[in-house]
Number of protein chains: 2
Amino acid sequence: MRNHEEQRSYHHGDLRNALIRAGLELLAEGGAAALDLRKVARKAGVSHAAPYRHFADKQALIAAINEEGYYRLVERMRAARAQEPNDDIFAQLLAIALAYIHFAIENPWLMREMFSGLTVERESYPDLYEASKQVFKQYVEVITRGQQQGSIIQGEVGGLAGVLWSLLHGVAMLIIENQMSPYVEGPEKIEHMALLSVQTLYRGMGGR
Amino acid sequence: MRNHEEQRSYHHGDLRNALIRAGLELLAEGGAAALDLRKVARKAGVSHAAPYRHFADKQALIAAINEEGYYRLVERMRAARAQEPNDDIFAQLLAIALAYIHFAIENPWLMREMFSGLTVERESYPDLYEASKQVFKQYVEVITRGQQQGSIIQGEVGGLAGVLWSLLHGVAMLIIENQMSPYVEGPEKIEHMALLSVQTLYRGMGGR
DNA sequence: ACCTGAACACCGTTCAAGT
DNA sequence: ACCTGAACACCGTTCAAGT
């Protein structure tokens, strides 16, 4: 008679993931202020002390949420690149730019948390650290390919990838933090900003 | 006998500014977590309720702190530009880049607060909004000058200024949020990153 | 006008206790 | 092993009261 255990004595088979999901939802709905541990627990249907069975403290839960954020962002970047011809570097760059910027706009609070290295010591959370490095890797791959086929100037890949990432990160963050409002109101203006960024970058890195 | 009033009944002639200064110090020392209203009041030597005479709530104090941060950042950018020949656009760009990035590195928590438009509704704080716009204005000035003398391509100034700002903002934020660690360890590598960014941008915007 | 002290609601964290 | 309920320290905010 134990074959359909809908009601376990312990509410979750996987409370850890339920807490992460609840956190992601609260973050999306109400921002960082809404990401409070007691509310997360309530949403997951357990007492406010239960999360401490799965996370050392609030930071650890946030780290897990951020990790999930990186998975989603990288997946989005990967998917966007896959849509474009592998050797059309400009198209690859634009695709990755739009993916990055749109992800930020759709998940502003998550994005903000993910890039709050000042608050969360990424070194203390190896899984998070690994996940976050995949973002940089995406940029490195595009730059490397561009250099191989000669559309991007030679030079240390890391530096160029850093410049590329920085530009896209800056656009994304300034948009979601509401700092460039007049120039990025509406989807067309945002796309235009992304295009202008990629054009400048592509030309600056020796493209064309 | 009231001519040397060292001990006023109300501790401050200017509690408002004392609170802002205390907040800036706490932020610099212990990060956002240390920026708590009761601690700020304690540091300024008043009761925890006193700040509410000068600020509607914690957000309002943070807005005032951010405003001061923008003044300092803009002043720094202005001073850096003033050191370089007015018509050497590349030098102007590099100076502004180094000023921006170094300010961020020296004031990471303040920088973070300043650009947290998601948390603080800048529209609700007109002085803050005005102060923040001065940053963008610095970029606009350089781009405009570059276009006038022909070293930067024509096109809407706002867009180009946005790209410039985005790149520098991205570099600064990724550095302080500890996301590009291997490539920006030590002052030389940071200067190199700034140089590479400006070179890419300058070339991308038609310079040389 | 400006500040204080008590009070309230709420949060992160701990811990003895339950199954 | 996993979860609960009470408890502690602390924070943002309010308010009646003091000078």
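The sequence lines fix the lettering, A, B, ..., with proteins before strands; numbering per chain opens at 1.
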- Checking ring-ring contact (aromatic ring centres under 6.0 Å, His included) for the pair B:Y70/B:Y129: CA distance, chi angles, key distance, verdict? CA-CA 10 Å; B:Y70 281 114; B:Y129 190 60; 10.0 Å; no
- Message: With a 4.0 Å cutoff (strictly under), does any side-chain N or O of B:H54 reach OP1 or OP2 of C:dC3?
- Response: yes
- Whole-Å distance, B:R42 CZ to C:dT4 C1', equals 15 Å
- Item | Spacing of A:L61 atom CG relative to C:dC11 atom C1', expressed in whole Å | 14 Å
- Message: Under a 4.0 Å threshold between the charged nitrogen and the carboxylate oxygen, would A:E106 count as salt-bridged to A:R76?
- Response: yes
- A:M77: which of A:E141, A:R72, A:Q138 passes side-chain contact (heavy atoms from CB on, under 4.5 Å): A:Q138
- Of C:dG12, C:dC15, D:dC11, the nucleotide closest to the side chain of A:D36 is C:dG12
- First encountered from the 5' end of DNA chain D, between A:R53 and A:H48: A:R53
- Task: Dump the intermediate steps for ring-ring contact (aromatic ring centres under 6.0 Å, His included) on B:F136 and A:Y183, then the final yes or no.
- Result: CA-CA 11 Å; B:F136 191 66; A:Y183 295 96; 5.2 Å; yes
- So which nucleotide from D:dT13, D:dT14, D:dT4 ends up closest to the side chain of B:K58? D:dT13
- Figure out the CZ/P separation between A:F55 and C:dT14, and round it to whole Å. 16 Å
- Task: Starting at atom OH of A:Y52, determine the distance to atom C1' of C:dC15, rounded to an integer number of angstrom.
- Result: 13 Å
- Task: Please determine, for the side chain of A:L37, which listed nucleotide (D:dG12, C:dG12, C:dA7) has the closest atom?
- Result: C:dG12
- Task: Output, in order, the C-alpha distance, side-chain angles, deciding distance and verdict of side chain to side chain donor-acceptor pair (under 3.5 Å) for A:Y71 and A:E67.
- Result: CA-CA 6 Å; A:Y71 291 143; A:E67 190 185 330; 2.7 Å; yes
- How close or far is atom P of C:dA6 from atom CZ of B:R38, stated in whole angstroms? 12 Å
- Message: Tell me the interatomic distance from B:R16, atom CZ, to C:dC2, atom P, rounded to whole angstroms.
- Response: 13 Å
- Message: Checking contacts here: which listed nucleotide (D:dG12, C:dT13, D:dC15) is nearest the side-chain heavy atoms of B:A49?
- Response: D:dC15
- Item | Interatomic distance, A:D57 CG vs C:dC11 C1' [rounded to whole Å] | 14 Å
- Which base, if any, makes a Watson-Crick or G-U wobble pair with D:dA6, both distances under 3.5 Å? C:dT14
- Task: Can you tell me the pairing partner of D:dA1 across any strand shown, Watson-Crick or G-U wobble, with both distances under 3.5 angstrom?
- Result: C:dT19
- In whole angstrom, give the distance that lies between atom CG of B:D14 and atom C1' of C:dC2. 13 Å
